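Here's the structure we're looking at; comments come further down.
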Amino acid sequence: MRHNAIMVCKKKLGSADTMLPVFLTIKQRYPDTRFWILFPTQETLELNRLNHELWAGIQSLSPTVVVTRGGNTLRTIGILLRLLAAFAFSGNVFFKITDAIPAHRKFIAALRLVSRTIEVKCFNLSLWPLEGVRNIIAEYELVHARKGKQVDQNPLIGVYDSFFSTAAAEDFQSMLGVAVDRARYVQTGHPRRLPAWRQFLERTAAANPVVNGPRYCLFIMASLAMRSALNEPSGLELFRDAVEVLARHQDEVRIILKPHATTDVALLHTVMQECGVSNYSVEFAHAMVLSVKAEFVIGYHYSTTMIDAYFLGKPVIEYCGTDPESMKLFAGSTSISGGCHDYYIHRDKSRLAEVVAGLLNGTLSPARDQEFMERSFPQAPDTFLKTLDRMFG
């Protein structure tokens with residue numbers, strides 16, 4: 001029986017990025033598998049193409065790429081019918097974060113009549129430590145409560161056959177307070193530790209001119225606007241604070257700006273010019289690749305890309321203005337990251353200046369708690385690879 005591995009992407013860049021290490025592993029172990037990448041819109045496809053190193057990783061799968069929404073109902077139905085024909089009489093494994101195919105449940109029900117089809121819900125494959133996941137959920141609930149809305153943030157909700165996550169089932173259950181169905185739960189370990197991903201990272205970093213160029217630091221960007229319903233300074237205010245500090249060191253280190261999809265890139269250039277910074281560039285390469293040789297990584301709104309840098313052993317600075325009520329919810333930490341930062345600086349430019357100077361002159365050298373690292377970034381257990389064998393072997 002032919003096997004298809006199908007990546008179902010959301011309207012965000014992160015879907016493909018978080019699932020790619022698993023797909024590279026499937027390609028390495030089961031080379032006869034056919035790969036499909038389903039994007040919900042042409043805009044999402046173009047967003048993924050913009051990150052040229054992520055796109056190169058996707059293309060290494062030799063996939064069939066499909067935009068599932070055709071712009072009108074008839075075209076969308078035509079696309080779905082062609083997909084049904086392509087997947088019929090095959091072994092299909094759909095990897096999804098959520099139901100993102102048009103008429104998703106009806107499509108899967110129809111496909112099951114003519115194929116062996118499995119759905120895998122992928123949660124936290126970019127590995128926020130569970131402490132961080134708990135913090136994200138707490139802040140999300142706070143934001144919606146302030147808007148007068150109630151939300152169910154149980155990550156186990158949904159329809160699926162297997163649930164892939166980085167953490168052990170017992171840790172997932174105890175940290176998030178949800179009941180885990182052990183028969184469907186599969187611990188993947190940290191996908192960035194998978195050999196296929198590490199090989200991709202090494203190859204890509206070796207060919208990246210920024211990584212192999214002059215000394216640099218990496219600034220992970222987010223939106224420059226205010227975050228909705230949170231009592232925090234805008235991203236623009238925090239960014240300008242940080243740039244004014246970094247500008248003092250531009251003769252020592254180049255500033256690499258890595259935009260988010262929501263970042264106003266034109267405004268980045270304006271701020272850099274106003275702060276007198278000329279030794280900088282805006283890069284759309286993969287953030288983890290750019291982290292490889294960075295002197296340090298800084299951001300004003302914590303993100304998965306900063307966790308990737310922390311995993312690589314890079315010093316991580318979180319310069320932010322966290323909502324006071326959010327800080328109370330972040331059990332054991334003032335940071336949403338759940339511990340994956342070296343310096344948490346709550347809008348204190350003097351402290352930021354000390355840390356940046358210390359990292360650049362070598363007087364600061366943060367250490368890693370190896371027990372925390374192993375707990376937060378675990379190896380893939382044998383059960384994960386055996387699960388892939390059952391699906392594709």
Side-chain angles (χ1 to χ4, degrees), residues 14 17-22 24-25 122-137 155 164-176 185-202 204-205 211 217-218 220 258 286-299 301-320 330-345 355 358-359 362 364-385:
D17 187 28
T18 57
M19 290 189 274
L20 183 58
V22 173
L24 292 173
T25 300
C122 301
F123 176 76
N124 200 27
L125 286 190
S126 54
L127 190 61
W128 279 68
L130 287 178
E131 295 92 334
V133 174
R134 182 180 59 189
N135 291 344
I136 291 171
I137 291 173
F164 278 19
S165 189
T166 52
E170 56 272 18
D171 294 334
F172 189 99
Q173 183 166 295
S174 63
M175 183 63 70
L176 300 185
Y185 189 97
V186 179
Q187 182 188 5
T188 62
H190 183 54
R192 304 299 202 202
R193 290 184 73 161
L194 290 169
W197 174 262
R198 296 308 296 264
Q199 292 160 16
F200 166 76
L201 181 65
E202 290 170 7
T204 308
V211 173
C217 65
L218 177 62
I220 300 294
K258 174 64 175 78
H286 195 286
M288 193 171 190
V289 173
L290 292 172
S291 297
V292 167
K293 292 185 181 179
E295 294 294 321
F296 58 85
V297 174
I298 182 172
H301 177 51
Y302 204 92
S303 71
T304 299
T305 51
M306 294 166 75
I307 288 180
D308 284 341
Y310 191 84
F311 168 67
L312 290 177
K314 299 289 116 178
V316 172
I317 304 170
E318 185 178 359
Y319 183 79
C320 58
F330 298 161
S333 174
T334 50
S335 168
I336 198 171
S337 73
C340 291
H341 63 278
D342 298 290
Y343 304 99
Y344 174 87
I345 303 173
V355 169
L359 290 172
L364 288 180
S365 181
R368 292 285 186 271
D369 179 337
Q370 289 307 308
E371 182 180 346
F372 174 81
M373 295 296 288
E374 286 300 319
R375 184 176 75 251
S376 300
F377 306 103
Q379 287 277 17
D382 290 341
T383 50
F384 169 59
L385 299 179

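Worth knowing before you read on, the calculation uses all heavy atoms, side chains too, and leaves out hydrogens, waters and symmetry mates. Counting begins at 1 with the first residue of the sequence. This is a predicted model, so every value here is computed, not measured.
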Distance flag, aromatic centroids of Phe311 and His190, threshold under 6.0 Å: yes

From Glu202 atom CD to Thr204 atom OG1, the distance as rounded to the nearest 0.5 Å: 10.0 Å

Check: Tyr310 and Ser337 side chains under 4.5 Å, non-hydrogen atoms: no

Ring centres under 6.0 angstrom apart (Phe296, Tyr343): no

Distance (rounded to the nearest 0.5 Å) between Ile345 CD1 and Ile317 CD1: 5.5 Å

Minimum-distance pair of heavy atoms, taken over all atoms of Cys340 and Pro129: SG-CG, 3.4 Å

Side chain Thr166, main chain Gly189, donor-acceptor under 3.5 Å: no

Asp369, CG atom: more than 12 neighbouring heavy atoms under 6.0 Å: yes

Over all atoms of both residues, closest heavy-atom pair of His286 and Arg192: CE1-NH2, 4.0 Å

Pair Ile336-Ile136, side chain to side chain contact (heavy atoms under 4.5 Å, CB included): steps then yes or no: CA-CA 7 Å; Ile336 198 171; Ile136 291 171; 4.0 Å; yes

Heavy-atom closest pair, residues Pro21 and Trp197: CG-CE3, 3.6 Å

Nearest atoms (heavy-atom pairs only) where His341 meets Ser335: CE1-CB, 3.4 Å

Straight-line distance of Trp128 CH2 to Phe123 CZ, nearest 0.5 Å: 11.0 Å

Validation row: Ile307, Phe377 side chains within 4.5 angstrom (heavy atoms): yes

Side chains of Leu24 and Leu194 in contact at under 4.5 Å (non-hydrogen atoms): no

Exam field: side chain Lys314 to backbone Lys293, donor-acceptor pair closer than 3.5 Å: no

Atom pair CG (Leu201) and CE (Met288), whose distance is rounded to the nearest 0.5 Å: 5.5 Å

Close side-chain approach of Arg368 to Asp342, heavy-atom, < 4.5 Å: yes

Reported CG-to-CG distance for the pair Leu290 and Asp308, which is rounded to 0.5 angstrom: 11.5 Å

Worked verdict on Phe172 versus Val133 for side chain to side chain contact (heavy atoms under 4.5 Å, CB included): CA-CA 10 Å; Phe172 189 99; Val133 174; over 6 Å; no

Over all atoms of both residues, closest heavy-atom pair of Leu312 and Ser291: CD1-CB, 4.0 Å

Interatomic distance, Glu318 atom CD to Ile220 atom CD1 [nearest 0.5 angstrom]: 12.5 Å

Within-4.5 Å side-chain heavy-atom neighbours: Thr18 and Pro191: no

Considering all heavy atoms, the nearest Asn135-Gly338 contact: ND2-N, 3.9 Å

